[in-house]
Structure formats: structure tokens, C-alpha cells
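Okay, so here's the structure we're looking at.
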Amino acid sequence: MRCAEIREYIFAFLDNELDAPLSMEFQRHVDSCHTCAQEVEIEWAVKKQLVETLTASSDADLIDDRELCSALVRSSLPRAIRTLLPRRLVAPLALAAVIAMAFITWFSLPRTGQDGVDARLASLVVVDFQHFVDEGSELQIASSDRDDVSRWLFDKTTVAVSLPSLSDSRFELLGGRKCKIDGKPAAFAIYETNGSPISLVALNAADAPVGWCDSGDPIGGHVRATAFDGYTVLTLHRGSLLFAAVSTLPQEEFSQLLMEMDIAHEGN
Amino acid sequence: MHETEESFLRFVRPLQLRLHSVGRRYVAHTQDVHDLLQETLLRAWRAYSPSLEREYTPAWLFVIMRNVAVDWQRTSGRRIKLVSISDGELTELSAAEPGEPFAEFPVMDESRFREFLDDRIAAALDELNPTFREVLVLSVAGGLSYREIAEVLGRPVGTVMSSMARARRALREKLVSFCTTKSPVREHQS
């Protein structure tokens with residue numbers, strides 16, 4: 001290797017980017033050439049000083065886990081939704097329980113049989129939730145008026161859903177959009193508390209494929225729960241509608257809160 | 001803490017210091033570094049899937065940080081020290097050919113030389129062309145390989161290697177130019 005080649009490869013050598021044969025050849029020349037050895041020494045000193053200068057950040061400059069987690073949770077909502085929200089201080093568990101309790105007391109019809117969550121139903125509603133929360137799909141109606149949103153959803157999807165009214169003012173209905181579950185029209189509504197979103201999907205039970213109601217753990221009343229891909233899915237089959245609520249709350253907490261809460265609300 | 005969040009934090013936690021070191025060089029005001037870092041991590045979070053945890057690389061985060069800086073440069077009032085130039089422009093930037101002799105420092109002893117570098121290297125870096133500076137910063141502060149830098153900049157690896165050599169030569173020329181305006185020569189200890 002000649003001195004001109006040393007000058008060509010010197011920086012890659014110092015950055016450990018030369019392959020082994022070339023690196024050995026480089027080192028062999030430097031070991032026998034005083035001028036090139038000096039150049040390597042100079043460039044090594046320059047690089048060492050660069051490292052010291054550029055990596056002077058300390059741990060105090062960084063974002064600690066707690067601050068980052070808080071930001072991650074807040075950022076889980078699309079920007080369009082965040083602009084509607086004042087900050088909430090209440091644990092998101094309460095909202096999940098409110099929705100579940102609304103299901104139970106909202107419909108007074110007798111049970112039609114053991115219903116459960118089929119994994120496919122859970123996967124479809126979770127994917128829908130993810131598309132909305134993670135990819136920022138827009139709501140088609142942004143409103144906290146349950147009657148307005150219910151009317152809009154019925155008009156667009158033919159799903160005769162009447163969204164529950166929530167007596168607790170800490171939680172807010174954000175709006176809704178039409179969607180499709182297994183190719184069938186469905187109504188999608190989103191709620192929020194303390195930066196945590198919860199979706200509620202309703203579809204006509206007649207559109208639900210056979211076999212969608214054969215799994216899931218009963219947690220009280222007519223509600224069943226399934227954990228899917230890190231999400232909790234609550235379902236309820238009432239009358240002509242099949243409901244599925246999705247959140248990131250752990251199933252145990254979701255179920256526990258459901259049992260403990262006693263929420264009064266208006267019926268249909 | 002949710003499993004997804006834990007997985008994400010496990011990935012980003014060891015890289016934050018490197019991201020911060022690079023981010024400091026992207027923004028004109030130090031108070032913007034925290035925002036740049038946070039926006040980078042939030043964008044990464046939104047795109048993060050724990051099932052793909054093993055496929056995420058440090059370069060992915062640096063790509064996101066660079067994109068945030070580019071967006072800020074285009075749309076916000078924040079001053080960004082970043083310029084994207086084409087490969088053609090890159091080859092025209094001043095620097096000697098790869099094999100040519102380096103600019104020569106005046107003779108000085110080792111401790112004096114280190115003192116000189118400590119004193120002047122930040123200024124020399126700031127006077128470099130932004131593209132040269134970025135390549136150096138990604139390598140030295142970001143700890144990225146040439147291949148990872150190529151991924152971040154969207155350039156071929158060969159271009160990165162060439163840019164790195166040109167950047168280091170330009171830095172040296174700048175340092176040498178500082179010497180000619182400075183102190184007397186001292187004997188070099190061999």
C-alpha cells in the first residue's frame with residue numbers, strides 16, 4: 001500500500017470501516033512509514049477531540065421514562081381529537097366501566113343465549129381501533145352529543161345504535177364514523193378519558209357470521225371479555241345489535257372496574 | 001406500564017444520549033433540542049409495533065429525527081442547521097482529492113496540540129459545510145456506521161464514505177487555517 005492510499009483510507013480505518021485484509025495492509029504500511037504513522041496519530045487525536053466535543057450531553061438533558069410515558073399516552077390520540085379535549089385527571093378504568101355498565105342496564109331484553117367474542121371479531125375491532133388511534137383516521141362526525149352522533153350513525157350505516165349517555169362528566173364522547181366489520185356496515189364511536197381512547201363498535205347481529213359468539217370470558221351480566229394482541233375487547237349482544245368495546249386497559253382491571261362501578265344513566 | 005410501552009422504552013432508552021448529541025447539532029437554539037428529541041420519540045412511538053421489535057435499528061430513530069428537523073426547517077419558525085443537497089452538489093464541495101497530502105499543522109508538542117484542538121474544534125465544525133458537518137455528527141455523536149449513515153441520509157454507502165473523507169479533510173483545513181492566525185511554533189516531540 002502506498003502513502004497516497006493511506007491518505008485515502010485513513011478515515012475509514014479510524015472508523016473501523018475497512019475490511020480485515022485492507023485493514024491489515026493499512027497497518028503494515030503505517031508500522032513501517034513514519035510520515036503516515038504521524039498522520040494517523042494526528043487524525044486519531046482530531047477524532048478523539050470530536051468525540052469529546054460532540055458527546056458532551058448528560059443524562060440530565062434526556063427525557064426520563066415518566067415524562068416520556070406521559071407523552072406517549074397523550075399522543076395515542078389523533079391530533080384532531082386532542083384539540084377537542086381538555087386534560088382529564090381520572091383513571092381511564094372508570095370510563096371502561098361506565099361503558100360496560102351502560103351496556104348492562106341499557107338493554108332490558110332477556111339473554112338470547114351465551115354470547116362470546118370470537119377471535120376474529122376481536123381482531124377486526126382491534127385493527128379498526130388501531131387504524132383510528134395509531135394512524136390518525138379522522139372522525140366523520142365530531143360531537144359529544146350522543147343523540148346527534150347516534151342519528152348520524154344510523155343514517156350512514158343503518159345500524160340503529162343509540163349511544164349510551166354517560167352520567168359522569170369526566171368522560172367525553174368525541175364522535176363517530178362509519179366503518180365495516182367483516183364487510184358489513186358498522187357504527188364506530190370513540191370516547192376518551194385522561195388521554196386514553198376507548199372505541200365502541202356496533203353492528204347488526206344479523207350481519208355477524210355464525211361462530212362469532214363462541215368464546216370469551218363472562219365478566220358479569222351479558223358482557224364477555226377477550227384479550228387480544230394487548231387490547232381488551234368487551235362484547236355484548238343485545239337485541240338486534242352486537243357491541244364491541246376496545247381499549248388498552250388490561251382485562252383484569254377492566255373486569256374489576258366493571259364489577260365495582262355502579263353508574264346511573266338514562267335508558268333509551 | 002403497558003407491554004407495548006415497555007418494549008418501546010427498552011428500545012429507545014439506550015439511544016437517547018446519542019440522539020440528543022446529534023439533535024444538538026440540528027437545532028440553532030439549545031432550548032429546541034428537548035422538543036426535537038420528544039417529537040422524534042413520539043413519531044417513533046406512533047409508528048412502533050412491538051411485534052417488529054427485533055427489526056428496529058438505531059438508524060430508524062435517526063431517520064425520524066432528521067425528518068422532524070427537515071419538517072421544522074420547512075414549516076416552523078425554528079432555526080435548523082440542516083441542508084439537504086444532491087449528490088452532484090456534494091462532489092463539488094471544496095476538498096482535496098482523496099490521495100493528496102493533508103493540510104499541515106505547524107509543529108507543536110502533543111499537549112499543545114491537544115489544547116489547540118480542545119479550544120478550536122467546535123468552531124471549526126461550525127464553519128464546515130452543513131452536509132459535511134452532518135456526516136461527521138452522525139458518525140461521531142450518533143455512533144452510526146457508514147451503512148447506517150447512508151440509510152439516514154438516503155445516499156449510497158460509497159457517497160457517505162467519500163463525504164466522510166472530504167468532511168475530515170475540510171475540518172483539518174479549517175483547523176490549520178486557525179493555526180496560521182495563532183501562536184508561535186513549538187518543537188514537535190517525535
Side-chain angles (χ1 to χ4, degrees), chain A residues 2-12 14-18 34-35 37-39 41-43 45-78 130 133-136 196 229-231 248-250, chain B residues 1-5 8-9 12-13 16-25 33-34 37-38 41-43 45-51 96-102 105 110 113-114 117-118 121-122 125 136-137 139-143 145-147 161 164-165 167-169 171-172 175 188 190:
Chain A
R2 295 174 291 115
C3 294
E5 289 170 299
I6 291 295
R7 289 190 286 270
E8 192 176 335
Y9 291 124
I10 186 170
F11 304 112
L14 292 173
D15 293 341
N16 295 314
E17 292 281 349
L18 289 187
H34 177 70
T35 305
Q38 276 195 321
E39 292 298 346
E41 211 174 297
I42 289 171
E43 288 302 328
V46 171
K47 180 175 175 178
K48 186 166 177 286
Q49 189 57 56
L50 265 178
V51 170
E52 285 177 18
T53 302
L54 291 177
T55 58
S57 301
S58 72
D59 285 347
D61 298 323
L62 308 182
I63 302 172
D64 65 33
D65 280 3
R66 194 169 53 177
E67 181 188 351
L68 185 55
C69 272
S70 173
L72 297 185
V73 168
R74 285 201 307 275
S75 82
S76 291
L77 288 170
Q130 288 172 327
V133 173
D134 297 337
E135 297 178 18
S196 183
D229 196 25
Y231 297 85
T248 56
L249 303 170
Chain B
M1 193 186 301
H2 194 267
E3 198 180 310
T4 305
E5 286 153 6
F8 180 75
L9 288 175
V12 303
R13 201 180 285 121
Q16 264 211 62
L17 205 55
R18 289 159 64 182
L19 284 168
H20 189 275
S21 298
V22 171
R24 282 170 60 211
R25 293 290 161 172
V33 179
H34 185 275
L37 185 58
Q38 184 169 70
L41 295 177
L42 288 178
R43 287 198 192 186
W45 165 247
R46 288 184 201 123
Y48 185 77
S49 171
S51 60
E97 286 307 307
E100 286 186 15
F102 294 121
F105 287 102
E110 190 176 328
F113 183 57
R114 290 192 195 285
L117 289 179
D118 185 38
I121 206 160
L125 195 61
L136 278 175
V137 166
S139 170
V140 174
S145 67
Y146 289 5
R147 188 164 300 280
M161 190 175 264
M164 182 65 74
R168 304 277 260 279
R169 277 185 175 269
L171 182 71
R172 180 155 171 168
L175 285 167
H188 174 65
S190 50

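Here is how names work: the chains are called A, B, and so on, in the same order as the sequence lines, proteins then strands, and each is numbered from 1.
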Lys/Arg-Asp/Glu bridge criterion (N-O < 4.0 Å) met for B:Arg168, A:Asp15 = yes
Separation between CZ of A:Arg7 and CD of B:Glu100, rounded to the nearest 0.5 Å | 8.5 Å
Among the options A:Glu39, A:Arg2, A:Glu5, pick out the one with the most heavy-atom pairs lying under 4.5 Å from chain B.
-> A:Glu39
A:Glu41 side, atom CD; B:Phe113 side, atom CZ - distance, nearest 0.5 Å | 9.5 Å
Could you walk me through whether A:Leu50 and B:Leu125 pass the side-chain contact (heavy atoms from CB on, under 4.5 Å) test, one step at a time?
-> CA-CA 9 Å; A:Leu50 265 178; B:Leu125 195 61; 4.1 Å; yes
Point-to-point distance, once rounded to the nearest 0.5 Å, from OG1 of A:Thr53 to CG of B:Leu117 | 8.5 Å
Residue from B:Ala122, B:Ala141, B:Gly142 scoring the most non-hydrogen pairs under 4.5 Å with chain A is B:Ala141
A:Phe11 vs B:Arg169, side-chain contact (heavy atoms from CB on, under 4.5 Å): CA-CA, chis, key distance, verdict | CA-CA 9 Å; A:Phe11 304 112; B:Arg169 277 185 175 269; 4.2 Å; yes
Taking it one step at a time, do A:Thr55 and B:Leu17 satisfy side-chain contact (heavy atoms from CB on, under 4.5 Å)?
-> CA-CA 8 Å; A:Thr55 58; B:Leu17 205 55; over 6 Å; no
Could you tell me which non-hydrogen atom of A:Leu62 sits nearest to which non-hydrogen atom of B:His20, and how far apart they are?
-> CD2-CB, 3.8 Å
Taking atom CZ of B:Phe102 and atom CD1 of A:Ile10, what is their separation to the nearest 0.5 Å?
-> 4.5 Å
Can you see which heavy atom on A:Ala12 is nearest to which on B:Met161, and at what distance?
-> CB-CE, 4.4 Å
Non-hydrogen atoms of chain A under 4.5 Å away: do they reach the side chain of B:Ile121, the backbone, both or neither?
-> side chain
Any ion pair linking B:Arg172 and A:Glu43 (charged N to carboxylate O, less than 4.0 Å)?
-> yes
Between A:Glu17 (side chain) and B:Tyr146 (backbone), is there a donor-acceptor pair under 3.5 Å?
-> yes
d(A:Lys47 NZ, B:Leu171 CG) to nearest 0.5 Å is 13.0 Å
Which atoms of B:Val33 come close to chain A, meaning under 4.5 Å heavy atom to heavy atom: side chain ones, backbone ones, both, or neither?
-> neither
